[in-house]
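First up is the structure itself, then whatever we jot down about it.
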Amino acid sequence: MRAKIPNISEFLDDHEEQHAVPTGAALGFSAVATGRLAELGMALAILSEALERGRDRPPAADTQDLANDVRREPHYFFFGLILGGAVGVAARLVQ
């Protein structure tokens, strides 16, 4: 019997999610791979802005707007950040 993951077809199914994950991954990888962990402070600022209490989710942008995409999907940005950081650790271990 195969386990079925509910709603897996909705993972990365819109452009906001597809932009938030690689943005977080790029920031996480570059900060960890270069050893400049202070750069992760940018991630905290981005996440705090996106998760600010009392703020409604912004409407979808009519054009490509990376900042809006991250504000709309901060949990995907955070997932990308962790993923990129893990790859950055692996890159540092290989050196």
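Computation of the quantities below employed the complete heavy-atom set of this structure, encompassing side-chain atoms and omitting hydrogens, waters and symmetry-equivalent molecules. None of the values given here were measured: they were computed from a predicted structure. Residue numbers start at 1 and run along the sequence shown.
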Check your understanding: Should Asp69 and Tyr76 be marked as a side-chain contact (heavy atoms from CB on, under 4.5 Å) after you check the CA-CA gap, both sets of side-chain angles, and the distance that decides it?
Key -> CA-CA 10 Å; Asp69 293 345; Tyr76 280 88; over 6 Å; no

**Study point:** CA sep, side-chain torsions, deciding dist, call: Glu17, His15, side-chain hydrogen bond (donor to acceptor under 3.5 Å, both in side chains)
**Key:** CA-CA 5 Å; Glu17 296 166 357; His15 75 276; over 6 Å; no

Exercise for review: Could you please spell out the steps behind the side-chain contact (heavy atoms from CB on, under 4.5 Å) verdict for Glu39 and Thr34?
Suggested key: CA-CA 10 Å; Glu39 307 298 330; Thr34 61; 5.7 Å; no

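For Ala91 against Phe29, the heavy-atom pair with the smallest separation is CB-CE1, 4.0 Å. Counting all heavy atoms, side chain and backbone alike, Leu40 lies closest to Ala31 at CD2-CB, 3.6 Å. Nearest heavy atoms, Ala43 versus Leu81: CB-CD2, 3.6 Å. Closest of all the heavy-atom pairs between Ala20 and Glu73 is CB-O, 3.6 Å. Of all non-hydrogen atoms in Ser48 and Ala45, the two that sit nearest each other are OG-O, 3.1 Å.
Residues Leu47 and Leu37 are members of one and the same hydrophobic cluster, defined by side-chain heavy-atom contacts under 4.5 angstrom among Ile, Leu, Val, Met, Phe, Trp and Tyr. Tracing side-chain contacts under 4.5 Å through hydrophobic residues (I, L, V, M, F, W, Y), one reaches Leu27 starting from Ile82; they form part of the same cluster. Note on Val21 and Val32: separate hydrophobic clusters, where clusters join Ile, Leu, Val, Met, Phe, Trp and Tyr whose side-chain heavy atoms are under 4.5 Å apart, directly or indirectly.
The number of heavy atoms from other shown groups lying within 6.0 Å of CZ (Phe78) does not exceed 12.
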